[in-house]
Structure formats: structure tokens, C-alpha cells
Amino acid sequence: MRFHPPPEDLRRYFTTFYSAEIDPGSNGTLRDSLHPEWGGMRFFTPVGPDSWTDGGQRLEGALFVTQGPSSHPIHFSMPRTRMWGIGFLPLGWAKFIQLPAAEFANQICNGFTHPECEPFRPLATNLFDPDGDEQLELARIIAFFREFKSREPVDEKRILAIHTALVDPQLATVQELVDRVAASQRTVERISHKHFGFSPKLLLRRQRFMRSLAQFMVDPSLKWIGAMDSHYHDQAQFVRDFREFMGLSPREYSSQPHPVLERFTQERNRVAGAAVQTLDRPSGVGDPAA
């Protein structure tokens, strides 16, 4: 698994571009679940995973998978394959995706059949090099988005202000978020749903939960009590959030193998400075000046 930061002119729109080679060995497939995250696209060759949500959506073997922002896990069973992933920051969703984020929240689709994904099919079709030249493939991703005929987000300043506030671990309430953005609560609610996928209240709860989960994934020796975010009042509140966002208890989660996500979060944290994409700053992964 290798992470590639977007070039300077694209950093505001993407989390990372990443490639991976999956080899399940004699097991045939690797099963795991994505954490709640921003929207993204994943491309596979020669075969794709089976993916499904707790809401009943299912994709079988799709080579081009698009997902919206999520507050629930997306499960997958991965065969031996190569893949590229592209993560959209909220500003990137606003710039490149026509569909409001709330309409795609917690959804997955086959990019070769969903009408909103039609503009990205040339990338999916031409991305992979027959010789597996990763740098050439990365150059194709960068060139595609540089040349993509996209719109400039109308609410750019407020999108960035909301995102900057969300990734501040000191921020605790919706009122604090509204004050930081210097807009009405109604405006913040509208922008949050349109470009982030969820209400400000849910986004703040998701950030609190993901800070805790990322801490545990990077250093399991902390145990859950040591990884819990300081904004949790008690362990019971954390357990309720865990069940809502992951569909099971912390104990159940830690007892299951996570062969893809464990490696993913640890390597991402080492290379990019943030274990999960919901902790990425709006001006780039691991950018302390953001």
C-alpha cells in the first residue's frame, strides 16, 4: 500500500491518491470494513471486490466503485487484485461531483452504470498500465483532474471554514462551529448537508468518534479507555457512538481481524500524518499550518 499526496494545485480537493496490491493468499479473499469517511472512488484490476452496506446495497465485482460521505461502515470482500483509491475532501466533492453530498451519503454505486459517474469513466477505463507502472498511473490521475471541466464551488470560503473548524479537536458544539464560520446556523446547516453530507451535529460526533478509533488503530496498546476522545463524558457514551457508527461494540470490533484497514491506517499515519481521511486538514494531509 502506497500513499501519494496530491500535487500542490490539487491539494485542496483531495485527501490522498493511493495504490494497493491485495493478495489474500490461500484464503481467497480478505474481508474488512471501511470506517466512516469522506466520499471517494476506487478502481480495480483485474477483478473487483464485493461491497455492501448495512442499508442493503450490494455491488459484486465492480471495477469502479464510487461512494458518498459515510457515517456507517462499508463492508467488502477483496480478492487478489490491484487498486487505486481517490479520496475527495468536501471542497473536492463540491468542485467535481454534481450531486449534493447528502443525496449520496452512505451510498455506494458502480461507477460504470451510475449516471453521475459518467464523466469519470475515461479515467476508470484508461488508468491501469499493462506493465503495472505505478508512476505512469499516478500521472494519469493527476492529468485527468487537472484537465477535468469542473465548476468552482460557490461556497468555497465557508466550506473551508467549516472543514477547518471540524478538524480542530478543541471544537465541541454546533454553536462553536457556527461562531467559527461567522454565518447563521441555517447557512452552516445548508452547506454541511450539501457539501459534507450530514448535519453539523452528526459531523462533530463523527469527528469525535473517528479521533478515538484512529488512536486505537494506530496504537492498540492504549485499549479503548486510553483511545477515547476527551469530549466523551463517559465510556457508555463512547459505546453508543461506536454502535451507531460501526454497527457493533468496541469489544466486538477489536475481536475481529482487520487485515486491510489495520495496515491502511498505520501506513497512512506514518506516511501522511493522519490515520484516517476524516482527520485530514482542508489544505492537505498532515499540513500543520492548516
Any salt bridge linking [X] with [Y]? Criterion: basic side-chain nitrogen under 4.0 Å from a carboxylate oxygen.
X      : Y      : answer
Asp280 : Arg268 : yes
Arg11  : Glu8   : yes
Arg2   : Glu21  : yes
Arg121 : Glu118 : no

In terms of relative ring orientation, are Trp224 and Phe242 parallel, tilted or perpendicular, with 30° and 60° separating the classes? perpendicular
So Ile225 and Gln235, side-chain contact (heavy atoms from CB on, under 4.5 Å) or not? Walk me through it. CA-CA 7 Å; Ile225 194 69; Gln235 193 167 354; 3.9 Å; yes
side-chain contact (heavy atoms from CB on, under 4.5 Å), that's the test. Do Thr187 and Val181 meet it? Break it down for me. CA-CA 10 Å; Thr187 296; Val181 178; over 6 Å; no
Quick one: which of Phe64, Phe112, Trp84 gives a ring pair (Phe, Tyr, Trp, His ring centres under 6.0 Å) with Phe43? Phe64
Is there a donor-acceptor contact under 3.5 Å from the side chain of [X] to the main chain of [Y]?
X      : Y      : value
Glu37  : Ser70  : no
Asp50  : Phe76  : no
Arg281 : Val167 : no
Thr164 : Ala161 : no
His72  : Glu244 : yes
Asn106 : Ser71  : yes

Evaluate Phe14 against Phe145 for ring pair (Phe, Tyr, Trp, His ring centres under 6.0 Å), listing each step before the verdict. CA-CA 10 Å; Phe14 300 98; Phe145 284 105; 4.8 Å; yes
Co-membership, hydrophobic cluster, residues [X] and [Y], 4.5 Å side-chain:
X      : Y      : value
Ile191 : Val154 : no
Val276 : Leu222 : no
Val239 : Phe209 : no
Leu248 : Trp52  : no
Val271 : Val218 : no

Nearest 0.5 angstrom please: [X] [atom1] to [Y] [atom2], how far?
X      : Y      : atom1 : atom2 : result
Tyr253 : Arg243 : OH    : CZ    : 15.0 Å
Ser212 : Met228 : OG    : CE    : 7.0 Å
Ile22  : Thr29  : CD1   : OG1   : 11.5 Å
His35  : Leu213 : NE2   : CG    : 4.5 Å
Gln67  : Ile74  : CD    : CD1   : 3.5 Å
Leu171 : Ile162 : CG    : CD1   : 11.0 Å

Name the atoms and distances for all side-chain donor-acceptor pairs under 3.5 Å in residues 87-103, with sequence neighbours left out.
{"unit_1": "Trp93", "atom_1": "NE1", "unit_2": "Leu99", "atom_2": "O", "d": "2.9"}
{"unit_1": "Lys95", "atom_1": "NZ", "unit_2": "Ser150", "atom_2": "OG", "d": "3.1"}
{"unit_1": "Lys95", "atom_1": "NZ", "unit_2": "Glu152", "atom_2": "OE2", "d": "2.5"}

Just do the side-chain contact (heavy atoms from CB on, under 4.5 Å) check on Arg186 and Glu189 with the steps written out, would you? CA-CA 5 Å; Arg186 184 175 180 180; Glu189 290 270 356; 5.6 Å; no
Can you list the steps and then say if Gln170 with Glu176 is a side-chain hydrogen bond (donor to acceptor under 3.5 Å, both in side chains)? CA-CA 10 Å; Gln170 302 304 314; Glu176 290 173 340; over 6 Å; no
Does atom CZ of Arg146 have more than 12 heavy-atom neighbours from other groups under 6.0 Å away?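 Yes, CZ of Arg146 has more than 12 neighbouring heavy atoms, counting only those of other groups under 6.0 Å.
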Might you confirm whether atom CZ of Arg211 has over 12 heavy atoms from other residues, nucleotides or ligands at distances under 6.0 Å? yes
Checking Asp179 against Gln175: is there a side-chain donor and acceptor pair closer than 3.5 Å? yes
For Asp241, enumerate each residue passing the side chain to side chain donor-acceptor pair (under 3.5 Å) test, keeping only those at least two apart in sequence or located in another chain. Arg205, Arg208, Tyr232
According to salt bridge (charged side-chain N to carboxylate O under 4.0 Å, His left out), who are the partners of Arg180, at least two apart in sequence or on a separate chain? Asp168
Answer yes if the ring centres of Phe264 and Tyr18 are under 6.0 angstrom apart, and no otherwise.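 They qualify: ring centres under 6.0 Å apart.
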Evaluate His193 against Ser199 for side-chain contact (heavy atoms from CB on, under 4.5 Å), listing each step before the verdict. CA-CA 6 Å; His193 278 95; Ser199 70; 3.7 Å; yes
